[in-house]
Trainee: 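Just dropping this structure here.
Note that the structure is predicted; figures quoted are calculated from it, not measured.
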Amino acid sequence: MSYGASAYAKVARVALPPREAEAAVLLKAAGKLQALGPDVGSGPILNEALVFNQKVWTILASAATDPANPLPDEIRLGISRLSVYVFRTIIDAMIAPSREKIESLVSLNNHIAAGLQGDPGAGA
């Protein structure tokens, strides 16, 4: 990437509103997991994608459970519960990788990102 394009990309990331930034990082995590393909296998690529997803959800969970967070209690509790599910699924996928576990994480990331972007999705 050229210097100008790299600088533009950096500014674009910094200039995103918080909800858009959260959505973007969730979509990035989903993309890393989707890039594993249909045969999940095991190894460093799987672990890298899972660890990245874990870091993203650790930050989301920390922000949601912060007493200073202005979100309603039921939303904070919901994010906290989703985080526990994500962490368990990540550990399960590290121990016994499967396409279903990865697809579950991808789907959850995509749905949360859509909600952050103001798109409740079909059927909402």
Side-chain angles (χ1 to χ4, degrees):
M1 182 183 289
S2 73
Y3 175 76
S6 177
Y8 179 79
K10 185 175 182 180
V11 170
R13 281 193 303 268
V14 172
L16 287 176
R19 288 174 64 104
E20 283 294 320
E22 290 167 348
V25 80
L26 281 164
L27 292 173
K28 181 177 180 177
K32 285 180 175 279
L33 293 167
Q34 284 177 311
L36 297 171
D39 298 323
V40 174
S42 62
I45 295 173
L46 171 67
N47 286 339
E48 179 185 317
L50 290 170
V51 167
F52 183 80
N53 199 56
Q54 183 179 21
K55 288 178 183 178
V56 168
W57 277 92
T58 298
I59 293 167
L60 290 175
S62 296
T65 57
D66 183 349
N69 190 312
L71 288 172
D73 288 343
E74 65 266 4
I75 292 175
R76 293 175 54 209
L77 180 61
I79 294 170
S80 177
R81 288 180 176 161
L82 281 174
S83 299
V84 169
Y85 169 79
V86 168
F87 297 143
R88 286 183 179 162
T89 304
I90 288 169
I91 291 170
D92 288 347
M94 286 179 171
I95 295 168
S98 75
R99 186 77 232 147
E100 294 78 22
K101 293 170 190 171
I102 300 302
E103 287 174 356
S104 175
L105 294 169
V106 168
S107 178
L108 185 58
N109 285 1
N110 286 335
H111 280 90
I112 298 295
L116 287 167
Q117 294 171 327
D119 178 12

Trainee: Going by heavy atoms in the side chains, are V86 and V56 under 4.5 Å from each other?
Mentor: no

Trainee: May I ask you to decide if A29's main-chain N or O and N109's side chain share a donor-acceptor pair within less than 3.5 Å?
Mentor: no

Trainee: Are L50 and L33 close enough that some pair of their side-chain heavy atoms sits under 4.5 Å apart?
Mentor: yes

Trainee: Please enumerate all residues that pass side-chain contact (heavy atoms from CB on, under 4.5 Å) together with T58, with sequence neighbours excluded.
Mentor: Q54, S62, F87

Trainee: Would you indicate whether L77, at its atom CG, is surrounded by more than 12 heavy atoms from other residues, nucleotides or ligands within a distance under 6.0 Å?
Mentor: yes

Trainee: With a 4.5 Å limit on heavy-atom distance, are the side chains of K32 and L27 in contact?
Mentor: no

Trainee: Would a 4.5 Å heavy-atom cut-off, applied to side chains only, mark V51 and M94 as touching?
Mentor: yes

Trainee: Judged by atom type as modelled, is there a donor-acceptor pair below 3.5 Å linking the side chain of D39 to the main-chain atoms of G41?
Mentor: no

Trainee: Using every non-hydrogen atom in the two residues, find where N110 and A30 come nearest and quote the distance to one decimal.
Mentor: OD1-CB, 3.4 Å

Trainee: Could you tell me the separation between the CH2 atom of W57 and the OH atom of Y85, rounded to the nearest 0.5 Å?
Mentor: 10.5 Å

Trainee: Quick one: does E100's side chain get under 4.5 Å of S104's, heavy atoms only?
Mentor: no

Trainee: Would you say I112 ends up clustered with L71 if hydrophobic residues are merged whenever their side chains have heavy atoms under 4.5 Å apart, either directly or through other cluster members?
Mentor: no

Trainee: Starting from I90, can I reach I45 by hopping between I/L/V/M/F/W/Y residues whose side chains sit under 4.5 Å apart?
Mentor: yes

Trainee: Working to the nearest 0.5 angstrom, can you tell me the gap between E103 CD and T89 OG1?
Mentor: 13.0 Å

Trainee: Would you say I75 ends up clustered with L60 if hydrophobic residues are merged whenever their side chains have heavy atoms under 4.5 Å apart, either directly or through other cluster members?
Mentor: no

Trainee: Determine whether a donor-acceptor pair (N or O, by modelled atom type, separation under 3.5 Å) exists between the side chain of T65 and the backbone of A61.
Mentor: yes

Trainee: Should V106 and I79 be counted in the same cluster of Ile, Leu, Val, Met, Phe, Trp and Tyr side chains packed under 4.5 Å apart?
Mentor: no

Trainee: Any donor-acceptor pair under 3.5 Å linking the side chain of K101 with the backbone of A96?
Mentor: yes

Trainee: Can you name the nearest heavy-atom pair linking A64 to N69, along with the distance?
Mentor: CA-ND2, 3.6 Å

Trainee: Between the main-chain N or O of P70 and the side-chain N or O of R76, is there a donor-acceptor pair closer than 3.5 Å?
Mentor: no

Trainee: To the closest 0.5 Å, what do you measure between CD (Q117) and CG (L26)?
Mentor: 9.5 Å

Trainee: When you group the ILVMFWY residues by side-chain heavy-atom contacts below 4.5 Å and let the links chain together, are I59 and L116 in the same group?
Mentor: no

Trainee: Give a yes or no on whether R81 atom CZ has more than 12 heavy-atom contacts from other residues, nucleotides or ligands under 6.0 Å away.
Mentor: no

